[in-house]
*Asks:* 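This is the structure, below, for whatever I ask next.
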Amino acid sequence: MRTSRFLLSTLRETPADAEVISHQLMLRAGMIRKLAAGLYTWLPLGLRVLRKVENIVREEMDRSGAQEVLMPAIQPAELWQESKRWEQYGPELLRITDRHQREFCFGPTHEEIITDLIRREIRSYKQLPANFYQIQTKFRDEIRPRFGVMRAREFLMKDAYSFHLTEESLQETYQVMYETYQRIFSRLGLTFRPVVADSGNIGGNRSHEFHVLADSGEDAIAYSTESDYAANVEMVELPAPSEERLKPTTPSLAMVNTPDQHTIEEVAKFLRVSPQQCLKTLIVIGENDSLVALVLRGDHSLNVIKAAKHPKVASPLTFASAEQIRAVIGCDIGSIGPISLNIPVLVDYAATQVTDFVCGANKEGQHLVGVNWGRDLPEPHKVDLRNAETGDPSPDGKGTLVVTRGIEVGHIFQLGDKYSHAMQTAVLDEQGRSVTLTMGCYGIGVSRVVAAAIEQNHDEQGIIFPTAITPFEVAILPMNMHKSIRLQEVVENLYQQFQAAGVDVLLDDRKERPGVMFADIELIGIPHRLVLGERGLDEGQIEYKGRQDKDTQLLALDQVVNIIIGKINSEK
RNA sequence: CGGGGUAUAGCUCAGCCUGGUAGAGCGCAGCUUUCGGGAAGCUGAAGUCGGAGGUUCAAAUCCUCUUACCCCGACCA
């Protein structure tokens with residue numbers, strides 16, 4: 001491709017409404033343009049990337065034995081009514097009415113459609129197991145679309161649905177998909193981790209999310225240093241303490257004045273103790289609008305999901321208002337402590353292990369120091385309440401946890417018979433008995449993968465594309481080509497050699513200044529760059545620089561095509 | 001949906017408080033010089049100031065309504 005005939009719509013300035021780096025760079029590089037909230041046009045440059053991701057996903061799905069189909073984006077309401085999701089789904093489901101006043105929706109997912117297809121087409125157990133996938137545009141009317149293509153309303157997704165006679169068969173296919181996903185994200189050149197996920201109310205046994213690791217990720221995930229254990233931080237169960245609590249060293253507790261010291265940081269600094277030595281007490285709404293106190297070590301954070309699962313705590317978790325706290329406890333947030341509280345007190349495991357601790361005195365501007373469980377207040381009601389942190393022991397007993405951030409790009413889970421039961425999808429088994437099918441479901445956010453790849457791979461200059469998904473593999477930048485016929489010939493010849501070899505080559509034949517060319521090629525993240533000028537031609541050398549290299553190097557003109565092809569192949 | 005904010009040239013924004021001829025930088029078109037890291041000069045095209053209504057001799061500016069978009073909260077590929 002020649003830049004003179006390619007819409008290279010790069011922007012020097014960052015558009016104002018782009019918040020995360022991948023969104024900014026995708027706009028600046030001219031990959032996407034916004035049409036409306038959560039709706040994006042893919043420009044030629046971006047589409048090349050999207051297609052490469054799509055093709056890798058397709059190749060690996062095909063290799064796994066799945067069969068590709070393409071279902072309509074618009075779906076009739078009847079099927080959704082049959083699964084009861086027409087009522088269950090909220091405003092996220094975009095509902096539309098046709099000229100005959102028939103109701104439809106724009107599909108956010110396709111369980112109903114594929115299940116309907118399978119119940120019509122699959123006649124015998126001999127046709128099972130079967131796995132069908134599609135790569136298709138979905139629409140979810142998100143409350144708040146943001147981060148560009150990362151959380152768009154319309155997005156490209158690969159969704160697959162498998163059908164089984166037995167639970168064992170589902171487990172087998174699930175495992176195949178798990179491995180296929182590993183292959184896909186490895187081939188894409190991404191650093192990722194499969195993590196144990198919340199199967200939620202879907203009822204399946206196992207569920208894994210695949211996360212691309214990136215500091216800007218929306219999810220916190222924890223993985224073990226020693227084993228392959230990895231889970232969403234929300235999901236990590238922490239063990240009850242095994243050791244005995246240390247003995248108190250203070251003769252008794254004491255009350256101290258802590259004027260205007262409210263947060264743990266303030267109190268700890270004021271009293272010259274570590275936050276680990278302090279306990280924080282959070283007041284949330286419990287059952288029947290009562291209040292419940294949750295106690296955590298000062299340096300720990302509350303896990304909202306765990307707390308809400310406790311029977312004494314209202315779900316979803318709601319913090320008590322300042323007025324409610326004042327009415328029941330008689331002081332303000334910032335001076336609350338577990339002693340003499342007239343409401344239930346749930347204490348996180350870690351907080352039960354602290355001796356001689358600092359906590360609020362339930363009196364404005366006062367804290368207690370040297371407090372001990374058992375001596376100064378009753379033995380605590382111990383529960384798991386906090387988020388796992390780096391350094392915590394891994395739940396599988398092997399190694400410790402590291403917490404990092406990730407972007408969810410894939411999710412595999414076992415659906416069971418939710419849809420097949422509701423939609424009466426069954427076949428006869430070997431004994432002639434009717435068996436309701438068991439289903440699995442496997443998604444990859446194809447368009448989100450593009451954003452995640454950029455989120456993970458960029459620098460000050462712009463995008464650094466993994467070779468597998470780069471829009472162009474090599475860029476040829478001629479310096480002042482219009483002035484030298486000799487240079488034109490060499491460049492043209494090189495360009496054609498790359499094309500003949502099947503390399504995605506971009507020739508920058510614009511009459512631009514060198515700085516503009518360099519900046520654009522770096523911004524759009526081309527992995528390999530060749531610079532040709534009059535001065536190198538006499539020596540038969542041209543200048544090469546990898547996108548991440550610090551320095552340039554000279555390559556012999558007659559070998560450059562083979563060298564570059566070698567680099568590309570080793571990277572894919 | 002609740003809270004906050006923005007809307008002026010293709011992009012980034014100033015002008016609004018204190019009403020009086022529509023602005024800058026970048027980009028775009030042309031010419032000249034320059035030519036291996038986002039060049040310089042000159043010339044030019046480009047805006048019914050988101051929309052509607054109101055106040056006023058006069059509205060980008062003040063008031064009311066409205067639409068779109070963005071940010072903060074509950075979801076998910």
Side-chain angles (χ1 to χ4, degrees), chain A residues 9-20 23-24 27-28 30 33-39 53 57 89-93 108-110 135-160 181 185 197-198 200 202 207 209-212 217-219 232 304-305 308 315-319 406-413 441-452 461-462 477-484 487 508 510-523 529 531-536 542-543 545 552:
Chain A
S9 273
T10 54
L11 303 173
R12 202 195 292 207
E13 286 173 280
T14 303
D17 56 2
E19 210 186 340
V20 295
H23 188 196
Q24 293 172 3
L27 289 168
R28 286 226 289 136
R33 288 291 181 263
K34 186 172 79 172
L35 177 64
L39 303 178
V53 175
V57 170
Y89 243 82
E92 194 181 307
L93 185 65
T109 177
H110 279 68
I135 297 173
Q136 189 232 25
T137 298
K138 300 276 189 278
F139 189 93
R140 293 182 190 173
D141 201 353
E142 295 270 353
I143 298 166
R144 192 143 102 77
R146 57 185 146 170
F147 305 150
V149 126
M150 188 105 87
R151 182 182 289 276
R153 292 194 293 173
E154 189 177 298
F155 59 100
L156 192 66
M157 178 172 171
K158 186 283 299 177
D159 48 329
Y181 273 39
F185 294 115
D198 188 1
I202 298 167
S207 171
E209 292 169 353
F210 286 75
H211 284 261
V212 167
E218 291 188 87
D219 294 292
N232 199 307
V304 175
I305 310 245
S315 180
L317 190 87
T318 313
F319 283 95
I407 300 163
E408 186 189 350
V409 290
H411 197 167
I412 58 178
F413 51 94
C441 166
Y442 321 91
I444 291 179
V446 176
S447 44
R448 180 182 277 184
V449 163
V450 176
Q461 268 56 252
L477 307 197
M479 300 290 104
N480 302 309
M481 182 166 66
H482 57 283
K483 275 192 181 169
S484 164
L487 184 58
D508 198 346
R510 294 175 297 177
K511 201 177 166 185
E512 277 292 353
R513 300 173 62 81
V516 174
M517 290 182 175
F518 291 144
D520 275 348
I521 296 303
E522 279 161 2
L523 174 61
R529 184 187 81 186
V531 177
L532 285 79
E534 269 281 337
R535 62 165 87 143
I542 61 179
E543 180 188 297
K545 184 172 176 295
T552 59

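A note on names: the letters A, B, ... follow the listed sequences, proteins ahead of strands, and every chain is numbered from 1.
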*Asks:* Can you tell if the side chain of A/His23 reaches within under 4.5 Å of the side chain of A/Arg146, non-hydrogen atoms only?
*Replies:*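 No; the side chains remain at least 4.5 Å from each other.
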
*Asks:* Searching all strands shown, indicate the nucleotide that pairs with B/C1 (Watson-Crick or G-U wobble; both distances under 3.5 Å).
*Replies:*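 Pair assignment: B/C1 / B/G73.
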
*Asks:* Round to the nearest Å and state the distance from A/Asp219 atom CG to B/A77 atom P.
*Replies:*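 Between P of B/A77 and CG of A/Asp219: 11 Å.
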
*Asks:* Regarding A/Glu142 and A/Arg151, does a basic nitrogen lie under 4.0 Å from an acidic carboxylate oxygen?
*Replies:*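 Looking at A/Glu142 and A/Arg151, the cut-off is met.
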
*Asks:* A/Pro15 or A/Glu154: which one's nearest nucleotide on RNA chain B is closer to the 5' end?
*Replies:*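 Residue closer to the 5' terminus by nearest nucleotide: A/Pro15.
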
*Asks:* Under a 3.5 Å cut-off for both distances, is B/C28 Watson-Crick or wobble paired, and to whom?
*Replies:*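 Check on B/C28: paired to B/G44, both distances under 3.5 Å.
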
*Asks:* Test A/Asp159 against every option in A/Gln136, A/His411, A/Lys138 by the side-chain hydrogen bond (donor to acceptor under 3.5 Å, both in side chains) rule and name the one that passes.
*Replies:*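 Answer to the side-chain hydrogen bond (donor to acceptor under 3.5 Å, both in side chains) test with A/Asp159 among A/Gln136, A/His411, A/Lys138: A/Lys138.
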
*Asks:* Taking only the P atom of each, what is the distance from B/G53 to B/U12 in whole angstrom?
*Replies:*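 Nearest-Å result for B/G53 against B/U12 at atom P: 29 Å.
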
*Asks:* Does some side-chain heavy atom of A/Leu523 sit less than 4.5 Å from a side-chain heavy atom of A/Arg28?
*Replies:*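 Yes, their side chains come closer than 4.5 Å.
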
*Asks:* Looking only at atom C1', what distance separates B/A7 and B/C16, rounded to whole Å?
*Replies:*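 B/A7 and B/C16 have their C1' atoms separated by 13 Å.
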
*Asks:* Just to be sure I understand the rule, does A/Asp141 reach a base, reach only the sugar-phosphate, or reach nothing, if contact means heavy atoms closer than 4.0 Å?
*Replies:*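 Result for A/Asp141 = nothing.
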
*Asks:* Applying a 3.5 Å limit to both distances, which nucleotide forms a Watson-Crick or G-U wobble pair with B/U6?
*Replies:*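 Base partner found: B/A68.
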
*Asks:* Run the salt bridge (Lys or Arg N to Asp or Glu O under 4.0 Å) test against A/Glu408 and tell me which residues pass, sequence neighbours left out.
*Replies:*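 A/Glu408 satisfies salt bridge (Lys or Arg N to Asp or Glu O under 4.0 Å) with no residue once adjacent residues are dropped.
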
*Asks:* Quick check for you: to the nearest 0.5 Å, what is the distance between A/Met481 atom CE and A/Lys511 atom NZ?
*Replies:*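 Reported to 0.5 Å precision, the distance equals 11.5 Å.
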
*Asks:* Given side chains that start at C-beta, do those of A/Lys34 and A/Pro15 come closer than 4.5 Å, heavy atoms only?
*Replies:*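 Answer no - side chains too far apart.
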
*Asks:* Taking the C1' atom of each, how far is B/G27 from B/A45, in whole Å?
*Replies:*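 That atom pair is separated by 13 Å.
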
*Asks:* Is the shortest heavy-atom distance from the side chain of A/Ile444 to the side chain of A/Phe210 under 4.5 Å?
*Replies:*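 Side-chain contact under 4.5 Å: no.
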
*Asks:* So what's B/A14 paired with, Watson-Crick or G-U wobble, going by both distances under 3.5 Å?
*Replies:*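 B/A14 is paired with nothing.
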
*Asks:* Report which part of the nucleic acid A/Thr14 touches: base, sugar-phosphate, or nothing (heavy-atom distance under 4.0 Å, all strands).
*Replies:*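 Sugar-phosphate contact only.
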
*Asks:* Could you list the residues that satisfy salt bridge (Lys or Arg N to Asp or Glu O under 4.0 Å) with A/Asp219, not counting sequence neighbours?
*Replies:*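 A/Asp219 satisfies salt bridge (Lys or Arg N to Asp or Glu O under 4.0 Å) with no residue once adjacent residues are dropped.
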
*Asks:* Does a side-chain heavy-atom distance below 4.5 Å link A/Thr109 with A/Tyr89?
*Replies:*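 SC-SC contact between A/Thr109 and A/Tyr89 confirmed.
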
*Asks:* Mind checking the P distance from B/A40 to B/C71? Whole angstroms is fine.
*Replies:*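 Between the two P atoms, the distance is 34 Å.
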
*Asks:* Categorize A/Ala451 for me: base, sugar-phosphate, or nothing, with a 4.0 angstrom heavy-atom threshold over every strand shown.
*Replies:*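 Nothing, no nucleic acid heavy atom in range.
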
*Asks:* Please enumerate all protein N or O atoms sitting under 3.5 Å from an N or O of nucleotides 6-10 of chain B, with distances to 0.1 Å.
*Replies:*
none

*Asks:* Given the rule in the side chain to side chain contact (heavy atoms under 4.5 Å, CB included) test, do A/Arg535 and A/Met479 qualify, once you have shown the distances and angles that lead to the verdict?
*Replies:* CA-CA 10 Å; A/Arg535 62 165 87 143; A/Met479 300 290 104; over 6 Å; no

*Asks:* Is there a side-chain contact between A/Glu154 and A/Thr137 (heavy atoms, below 4.5 Å)?
*Replies:*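 In contact.
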
*Asks:* Could you run down nucleotides 33-40 of chain B 5' to 3' and tag each one B, S or - for protein heavy-atom contact under 4.0 Å?
*Replies:* -BBBBBB-

*Asks:* B/C35 pairs with which nucleotide, Watson-Crick or G-U wobble, both distances below 3.5 Å?
*Replies:*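 Pair assignment: B/C35 / none.
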
*Asks:* For nucleotides B/A9 and B/G50, find the distance between their P atoms and express it as a whole number of Å.
*Replies:*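 So the two P atoms sit 8 Å from each other.
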
*Asks:* Which letters describe nucleotides 66-74 of chain B, given B = protein heavy atom under 4.0 Å from base, S = only from sugar-phosphate, - = neither?
*Replies:* ---SSSBBB

*Asks:* Mind listing the N/O atom pairs, protein and nucleotides 41-47 of chain B, below 3.5 Å?
*Replies:*
none

*Asks:* Between A/Lys158 and A/Tyr442 (side chain of the first, backbone of the second, donor and acceptor by atom type, cut-off under 3.5 Å), is there such a pair?
*Replies:*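 Between the backbone of A/Tyr442 and the side chain of A/Lys158 there is a qualifying donor-acceptor contact (under 3.5 Å).
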
*Asks:* Please test A/Arg529 against A/Thr552 for side chain to side chain contact (heavy atoms under 4.5 Å, CB included), starting from the C-alpha separation and ending with a verdict.
*Replies:* CA-CA 9 Å; A/Arg529 184 187 81 186; A/Thr552 59; 4.1 Å; yes

*Asks:* What interatomic distance, in whole Å, is found between C1' of B/A22 and the corresponding atom of B/C13?
*Replies:*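 To the nearest whole Å, 14 Å.
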
*Asks:* Measure the shortest side-chain to side-chain distance between A/Ile135 and A/Leu156 over non-hydrogen atoms and say whether it is less than 4.5 angstrom.
*Replies:*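 A side-chain contact exists here, since the closest heavy-atom pair is under 4.5 Å.
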
*Asks:* Please measure how far the P atom in B/C72 lies from the corresponding atom in B/A24, and state the result in whole Å.
*Replies:*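 My reading of the P atoms in B/C72 and B/A24 gives 34 Å.
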
*Asks:* Taking only the C1' atom of each, what is the distance from B/G5 to B/U43 in whole angstrom?
*Replies:*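 After rounding to an integer number of Å, I get 40 Å for this pair.
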
*Asks:* Grab the CD-P distance between A/Glu209 and B/A77 for me, whole Å please.
*Replies:*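 Going from A/Glu209 (CD) to B/A77 (P), I get 8 Å.
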
*Asks:* Under a 3.5 Å cut-off for both contacts, is B/C49 paired Watson-Crick or G-U wobble with anything, and if yes, with which nucleotide?
*Replies:*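 Per the H-bond distance test, none.
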
*Asks:* Mind checking who B/U55 pairs with, Watson-Crick or G-U wobble, both distances under 3.5 Å?
*Replies:*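 Looking at the geometry, B/U55 pairs with no nucleotide.
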
